[in-house]
There are 2 protein chains.
Amino acid sequence: MDQNKIPQATAKRLPLYYRFLNSLNHQGKKRVSSNELSEAVKVDSATIRRDFSYFGALGKKGYGYNVEYLLGFFRKTLDQDELTEVALIGVGNLGTAFLHYNFLKNNNTKIVMAFDADPEKTGTDIGGVPIYHIDDLEERMGNVRVAILTVPSDEAQNITNRLADYGIAGILNFTPARITVPSGIRVHHIDLSIELQALVYFLKHYPLDG
Amino acid sequence: MDQNKIPQATAKRLPLYYRFLNSLNHQGKKRVSSNELSEAVKVDSATIRRDFSYFGALGKKGYGYNVEYLLGFFRKTLDQDELTEVALIGVGNLGTAFLHYNFLKNNNTKIVMAFDADPEKTGTDIGGVPIYHIDDLEERMGNVRVAILTVPSDEAQNITNRLADYGIAGILNFTPARITVPSGIRVHHIDLSIELQALVYFLKHYPLDG
DNA sequence: ATGATATTGTGAAAGGCATCACGACTTTAG
DNA sequence: CTAAAGTCGTGATGCCTTTCACAATATCAT
């Protein structure tokens with residue numbers, strides 16, 4: 001755990017930077033300034049320079065950043081070489097979408113299996129990802145330590161308990177349920193309906209530039 | 001714009017509080033303390049009390065909060081009575097999932113129309129939401145001022161420009177593209193692949209409780 | 001009634017992050 | 001070679017948010 005001092009806010013932006021640098025590289029661009037980056041990813045240029053500076057002096061004054069060098073640096077930092085296997089629990093509409101989506105574009109994560117309670121779905125596969133019955137969770141999970149949770153809310157805590165017992169490390173929770181986990185397990189919540197409500201609330205109460 | 005002083009962080013938590021209070025009310029619970037709430041929604045109790053306090057003294061010392069009163073208060077504050085209509089652009093896998101999902105559970109938002117470029121899809125409806133051809137966007141939008149963007153990334157900026165010209169107020173952008181909009185339009189980004197990458201990054205580099 | 005217990009609301013402190021602003025350095029043009 | 005232009009890295013600053021901690025007040029049990 002070498003780089004513990006990197007602010008979480010910075011860490012969340014790294015994949016964004018990585019993706020854009022990748023695209024620049026594909027375009028054959030050799031150099032890029034914090035200002036160009038800023039326009040592309042919509043992050044203040046000072047923030048970008050500060051973010052990069054946590055990793056040391058990656059740029060050159062008066063020149064900017066060398067795309068290839070920066071990209072290589074982030075590849076290592078973000079462990080882009082290493083593939084993290086992920087299980088998807090709950091093959092409903094949202095789960096199905098994720099299976100098709102198949103996170104693996106310039107990505108170091110891959111959904112390698114899915115689970116559902118519906119016997120109609122089990123045994124098949126979607127987008128090359130096999131779907132198992134939820135009863136077989138423990139027996140199928142293998143080394144997978146990350147799960148995407150797209151089950152109905154009232155199942156969320158049950159499944160979470162089983163995942164926790166199994167030894168999961170992280171859960172990306174798309175259910176509205178705020179699940180309880182033993183300490184040591186990291187849960188990120190993405191609550192789509194709250195995101196939409198929040199957007200609407202901001203529209204009404206926080207006029208932009210004010 | 002009465003309550004401009006409410007911190008944005010607080011505003012984002014309001015729908016969460018509202019949803020849980022609603023469920024408490026359905027269970028017939030009459031009172032609730034900031035500690036109970038805290039366990040349920042995974043937000044520090046002091047933060048909850050501070051959040052509520054922006055709206056005045058809603059609780060009673062030694063007692064807690066009256067569920068029904070609090071709920072009524074939030075209903076007004078969050079404009080739960082008023083329905084905000086939303087258009088969904090891009091009926092792919094993710095878009096389809098949202099249409100089925102149909103945000104309207106205890107919710108003040110509703111997807112009332114969808115658009116897609118595929119003639120096979122237009123003319124049909126999903127979950128009661130009509131799907132129009134993207135060419136008819138301007139003619140169909142009516143008073144809708146909020147859009148969910150689930151189109152392919154390379155279409156994102158184009159569609160955004162049309163939405164902006166039409167007079168959109170807010171966009172919930174699920175594409176990886178960081179779209180550019182004229183000032184005055186609010187964009188919230190939800191980048192699923194970044195969320196997954198960020199979770200994995202945190203797992204590796206930020207041991208919990210550390 | 002009374003003491004024990006529960007819980008809020010909030011001042012103060014601490015933490016985390018974004019932004020400003022500028023010195024230092026590099027490149028570029030002439 | 002020199003001057004002008006470009007760009008980074010970062011100290012300093014200020015904002016926003018969370019958290020602590022406790023006085024004030026209410027309830028509850030007997």
Side-chain angles (χ1 to χ4, degrees), chain A residues 3-14 16-17 21 24 29-71 73-74 189 198 201-202 205-206 208-210, chain B residues 3-14 16-17 21 24 29-70 73-74 178 189 198 201-202 205-206 208-210:
Chain A
Q3 50 218 11
N4 258 349
K5 298 149 213 151
I6 293 166
Q8 304 214 356
T10 297
K12 284 194 199 153
R13 284 187 290 266
L14 296 182
L16 188 61
Y17 298 148
L21 286 171
L24 280 185
K29 212 148 185 301
K30 291 296 174 211
R31 59 183 271 194
V32 65
S33 72
S34 59
N35 259 299
E36 287 174 88
L37 272 169
S38 171
E39 284 188 27
V41 300
K42 313 292 179 202
V43 172
D44 185 275
S45 69
T47 299
I48 293 179
R49 292 198 300 281
R50 170 93 47 205
D51 283 347
F52 288 1
S53 78
Y54 292 114
F55 300 99
L58 302 175
K60 244 197 279 189
K61 305 185 181 195
Y63 175 86
Y65 301 89
N66 178 301
V67 172
E68 208 168 318
Y69 174 75
L70 204 53
L71 191 60
F73 185 86
F74 278 126
H189 294 274
Y201 184 85
F202 280 126
H205 299 283
Y206 294 72
L208 280 178
D209 316 320
Chain B
Q3 51 219 11
N4 257 350
K5 298 150 214 150
I6 293 166
Q8 303 214 357
T10 297
K12 283 193 199 155
R13 284 187 291 264
L14 296 182
L16 188 60
Y17 299 147
L21 286 170
L24 281 184
K29 213 145 184 301
K30 291 298 174 208
R31 58 182 274 194
V32 65
S33 71
S34 60
N35 259 298
E36 288 174 87
L37 273 171
S38 171
E39 284 188 26
V41 300
K42 314 288 178 203
V43 173
D44 185 275
S45 69
T47 300
I48 293 180
R49 292 199 299 281
R50 171 92 48 202
D51 283 347
F52 288 1
S53 79
Y54 291 114
F55 299 99
L58 302 175
K60 244 195 281 189
K61 305 188 181 195
Y63 175 87
Y65 301 90
N66 178 300
V67 172
E68 208 168 319
Y69 175 75
L70 204 55
F73 186 87
F74 279 126
R178 307 305 265 203
H189 294 275
Y201 184 85
F202 280 126
H205 298 284
Y206 293 72
L208 281 179
D209 317 317

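Note that this is a predicted model, so its numbers are computed, not measured. Labels below follow one simple rule: chain letters A, B, ... track the order of the sequence lines, proteins then strands, and each chain is numbered from 1.
Put simply, CD on A:Gln8 is 9 Å from P on C:dG16, counting in whole angstrom units. Across the protein-nucleic acid pair, A:Leu70 atom CG and D:dG9 atom C1' stand 14 Å apart, rounded to whole Å. If you take CD1 of B:Ile48 and C1' of D:dT18, they are 13 Å apart, rounded to a whole angstrom. Look at CG on B:Leu58: it is 17 Å from P on C:dT7, rounded to the nearest Å. We find that NZ of A:Lys42 is positioned 18 Å from C1' of C:dA18, with the value rounded to whole Å. In this structure, the CD atom of B:Glu36 is 7 Å from the P atom of C:dT7, given to the nearest Å. In this structure, A:Leu37 atom CG and D:dT7 atom P are separated by 12 Å, rounded to whole Å. The CZ-P distance, from A:Arg13 to C:dC17, rounds to 9 Å in whole Å.
Picking from C:dC17, C:dT10, D:dG9 the nucleotide with the shortest atom distance to the side chain of A:Ala9 gives C:dC17. Distances from the side chain of B:Lys61 to the nucleotides D:dT18, C:dT19, C:dT8 place C:dT8 closest. Listed nucleotides D:dA24, D:dG9, D:dT27 differ in distance to A:Arg49; the shortest reach to its side chain belongs to D:dG9. Comparing C:dG9, D:dG9, D:dT18 against the side chain of B:Ser53 picks out C:dG9 as the nearest. Residue A:Asp44 places its side chain closer to C:dC20 than to any other of C:dC20, C:dG9, D:dT17. Checking D:dT18, C:dT27, C:dA21 against every side-chain atom of A:Lys60, the shortest atom distance belongs to C:dT27.
A:Val43 and A:Ser38 get closest at one heavy-atom pair: O-OG, 2.6 Å. When all heavy atoms are compared, the tightest approach of B:Arg31 to B:Gly62 is NH2-O, 4.2 Å.
Side-chain contact between B:Thr47 and B:Arg13: present, with at least one pair of heavy atoms (C-beta onward) separated by less than 4.5 Å.
Annotation: of the two residues near DNA chain D, B:Arg31 and B:Thr47, the 5′-most nearest-nucleotide partner is B:Thr47. Sequence order on DNA chain C of the closest nucleotides to A:Asp51 and B:Gly64 puts B:Gly64 first from the 5' end.
For D:dT7, neither phosphate oxygen OP1 nor OP2 lies less than 4.0 angstrom from any side-chain nitrogen or oxygen of A:Ser34. For D:dA26, the OP1/OP2 oxygens have no side-chain nitrogen or oxygen of B:Tyr65 closer than 4.0 Å. At D:dC16, none of the side-chain N or O atoms of B:Tyr54 fall inside 4.0 Å of OP1 or OP2 (strictly under the cut-off).
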Begin with the C-alpha distance, continue with both residues' side-chain angles, and end with the deciding distance and a verdict on side-chain contact (heavy atoms from CB on, under 4.5 Å) for B:Phe52 and B:Leu37. CA-CA 12 Å; B:Phe52 288 1; B:Leu37 273 171; 3.8 Å; yes

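Residue B:Arg50 places a side-chain atom within donor-acceptor reach of the base of D:dT19, judged by atom type and a 3.5 Å distance cut-off alone.
The aromatic rings of B:His205 and B:Tyr201 are tilted relative to each other, their planes meeting at an angle between 30° and 60°.
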